[in-house]
Structures are given as C-alpha cells and as structure tokens.
Asker: 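Here's a structure for you.
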Amino acid sequence: MACLVCDRPIEPFLSFGRMPLADAFLTEAEVEREFFFTLAVGLCDSCGMVQLCERVPDACMFHDRYAYYSSTSAGMQRHFAAYADEVRRRCLAGPDPFVLEIGCNDGILLGPLASSGVRHLGVDPAANVLAEAARRGLTVRQAFFSEQTAAGIEREHGQADAIVAANVICHVADVHSVFAGARRLLTPSGLFVFEEPYIGAIVESTALDQMYDEHVFYFSLSSVRHLAERHGLDVVDVCPQPVHGGELRYYLARRGAHAPTPAVAAWLDRERASGVTSIAAYRQFAARAGRIRDELAGTLRRLASEGRRIAGYGATAKSSTLINYCGLGPADIAYIADVTPGKQGKLTPGAHIPVRPPEHFRAHYPDYAVLFAWNHEQEILDKERGFTAAGGRWITYVPTVRIRPGSLT
Ligand SMILES: [Zn+2]
C-alpha cells in the first residue's frame with residue numbers, strides 16, 4: 001500500500017492480525033455484529049512516516065458514543081493545565097488573541113484558556129464528548145477539522161494566533177487536509193502546536209499497545225518535519241512530554257516566521273543515531289513485541305493453572321491491541337476495572353472481558369492485576385495501595401513482562 005503522506009510504497013514490519021476497534025466496547029447483543037480489520041504497521045522509507053497499513057473509516061471510530069473522555073485522570077488535568085499556560089505564554093500575548101483546538105474532546109486543554117477570557121473555538125467530531133465541553137461553557141463546533149472546515153472558521157473568526165491539539169493529529173488519515181487548513185488559519189506569527197505519541201519512545205519501550213485503529217500515524221520529528229515542509233511550515237521547536245508513555249510536542253510556524261530552537265537539530269541528530277528512520281529498528285521492535293506476547297500469555301496461563309485469580313486494571317483503547325494480540329479472554333482475565341461509566345457493564349472489544357467499576361475491584365481483589373493503563377501507573381498504584389497491602393501483585397508488560405513486587409518465578 002502507498003504512504004498517506006508521500007504516496008511511495010510502505011514496508012510493513014508488524015501485523016497483529018484481525019483486530020476489533022480499540023474503543024468499541026460492546027453489549028452481549030452487539031457481539032454478533034462486531035467489526036474487525038487487519039491491524040498492521042509499516043514504515044515509509046521515503047518520508048520516514050510510520051503508519052497503519054489498513055485503515056478504518058473515520059465514521060466507525062469517532063462517533064456519538066466515543067468512549068474516551070480526556071478529563072478522567074487527575075494527572076492529565078495537571079498536564080493540560082501546564083500545556084494551556086505554555087500556549088498562553090508563547091502565543092496569546094497580543095491583543096484579542098484567538099485560539100483554535102483541533103479535537104477538543106471534553107475541553108481539558110481549551111477549558112483553562114477559555115476561563116481566562118481568550119477567544120476560542122473547539123472542533124471535534126464526537127458529539128458526546130463535545131457536549132461535555134459545551135457544558136463547561138466552551139464555544140465548540142461538531143466537525144472533522146479539514147481544509148474546508150478551516151475556510152469556514154476563517155470567515156467566522158479570522159486567523160488563529162494558536163492552533164493546538166493533543167493526541168489528535170495522528171488520528172487523521174487525511175493529514176494533508178489538516179496541515180493545509182492549519183497553514184491557512186495561522187496568523188503570520190502564529191503557532192500550530194500539537195503533541196502525539198512519539199515513535200522513538202514506542203520503539204524504545206516496545207509499547208506495542210500504542211498501535212491501534214485510531215492511531216493512523218506514529219510521528220517522529222523527522223516525519224513531521226517532512227510533512228510540514230510540504231505545507232510551507234517549519235518545525236520551530238520540539239519538547240518531550242512524559243504522558244502516554246512518551247510524547248513529543250511540536251511547534252510549527254509559517255516558513256521563516258520564527259527561527260528554530262537548538263532543540264530541533266538536536267532531536268533530528270538523536271533520531272538519526274537511534275535508527276527510528278530506518279526499517280531495521282522496526283524489525284527488532286516487532287521481534288520484541290512477539291516475545292512480550294508469548295511471555296504475558298504464558299505467565300497468565302501458568303498463574304491461572306495454579307488457581308490464581310487474575311483481573312485487569314484500565315480498559316484502555318490500547319489494551320485492546322495487547323489483549324487480542326495475546327489471544328486473551330475472560331478465562332484468563334476475569335474482568336477489567338475502569339473508571340469510565342460508559343465502559344462499565346460492557347465487554348471489551350474482541351476479547352469480551354467484562355468491564356467493572358474500580359469499586360468492584362476493591363470488593364473482589366484478585367491475586368494478580370494486569371496494569372493496562374500503564375501510562376497512569378503512579379496514579380493508579382497510589383490510588384490502589386489497598387490491593388498490594390492485601391497481598392495483590394501487579395503485572396506490567398512495558399518494556400518487559402514483570403510481576404511486582406517480586407519476579408516472574
Ligand atoms: Zn512517505
């Protein structure tokens with residue numbers, strides 16, 4: 001298949017096989033009609049973009065029952081408050097600034113900016129999360145952001161001093177339309193700022209569960225820079241973020257508008273040295289992913305054969321890839337605890353493991369709990385101290401399978 005950025009052939013390096021949609025939690029009655037596709041990831045050798053080999057139509061994923069609400073984690077609320085401060089400081093110092101957020105979800109990033117009186121607009125295709133943003137008093141529009149949407153926003157609001165996004169740009173297959181729209185909407189000195197899971201961090205920690213239907217692209221600075229150049233944009237700064245297992249935040253501006261910081265050249269050097277622009281690193285990644293699968297499935301089956309009770313914690317979208325790739329089901333993991341009300345009482349995609357509220361976990365501690373929401377590890381371990389105090393042990397699998405406290409034996 002052809003690269004979505006430059007149309008050259010891409011080289012697949014890892015296939016997970018048939019997968020459900022990662023956020024498609026379902027009822028018993030919906031099991032018969034479950035949608036599956038082949039999840040495989042490849043590298044474009046020409047422009048360096050890592051991407052899905054088979055895509056799912058957007059309407060299947062970002063619909064009125066979109067299950068992910070950004071504001072469910074206290075740690076993420078702190079992170080986005082700091083992101084908002086950074087945007088305010090770097091982009092919104094002029095008179096009557098305007099900020100646009102692409103994929104505003106429930107308003108976790110836009111909320112702090114709007115509450116200080118900044119003109120703003122949040123765009124998101126998922127009506128249910130958008131309703132929550134509107135309830136917070138944010139100005140919102142239900143739409144996929146595209147060049148066409150941008151034209152309408154420009155007519156209504158004028159150009160934007162800041163266009164911001166988080167964990168959104170990598171979702172959009174028609175990324176050229178997003179970049180063209182952003183280019184059009186930016187003021188001459190405006191910044192287009194977005195942060196996304198970083199392929200360098202995914203490879204380094206073998207975070208294979210970052211790969212699922214919604215993540216069409218796995219960005220590096222090298223691939224984002226190539227994409228930006230096609231749209232007359234420069235990457236003028238880049239900054240690592242310790243969320244979702246390791247992200248990069250990119251700052252883009254119209255060509256020549258701002259001098260790049262030294263961080264840009266430093267990260268490009270680092271990417272060349274680490275090999276994330278070449279297929280060899282991805283073939284090794286695929287081999288490590290296979291070992292994690294074998295080891296996790298083997299460990300859980302051994303514990304089950306010893307009569308141990310096993311549950312999961314965090315029915316995250318990314319846990320769907322791991323659970324289905326490992327071939328796990330309710331016989332291996334009795335239930336998964338999750339704070340999201342919309343997931344509770346449903347079954348996980350593909351594997352059909354029941355989702356229960358954390359109160360259920362606390363009332364029925366298992367012997368072992370697989371920590372699927374490993375990106376919120378500290379927050380969860382602190383919140384669930386009672387589990388380890390009662391003798392329970394956590395199982396983690398990034399970067400390798402571990403039982404904690406203790407060892408695999
Ligand atoms: Zn390409």
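On a predicted model such as this, the values are computed, not experimentally measured, just so you know. Start at 1 and go down the list; that is how both ligands and their atoms are numbered.
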Asker: Check whether any side-chain heavy atom of Thr388 sits under 4.5 Å from a side-chain heavy atom of Trp394, and report yes or no.
Answerer: yes

Asker: Determine which pairs satisfy side-chain hydrogen bond (donor to acceptor under 3.5 Å, both in side chains) with at least one residue from residues 270-281, sequence neighbours left out, and list them in order.
Answerer: Tyr198-Glu271, Ser222-Glu271, Asp269-Arg272

Asker: Could you enumerate the protein N, O or S atoms under 2.8 Å from the Zn ion (ligand 1), written like residue then atom name?
Answerer: Cys3 SG, Cys6 SG, Cys44 SG, Cys47 SG

Asker: Whether Arg301 and Asp332 form a salt bridge (side-chain N of Lys/Arg under 4.0 Å from carboxylate O of Asp/Glu) is what I want to check.
Answerer: yes

Asker: Is the NZ or CZ atom of Arg230 positioned over Phe179's six-membered ring, under 6.0 angstrom from the centre and within 45° of the axis?
Answerer: no

Asker: If we ignore angles and hydrogens, is there a donor and acceptor under 3.5 Å between the side chains of Asn128 and Glu132?
Answerer: no

Asker: Name the residue from Phe37, Tyr212, Tyr325 that meets the ring pair (Phe, Tyr, Trp, His ring centres under 6.0 Å) definition with Phe16.
Answerer: Tyr325

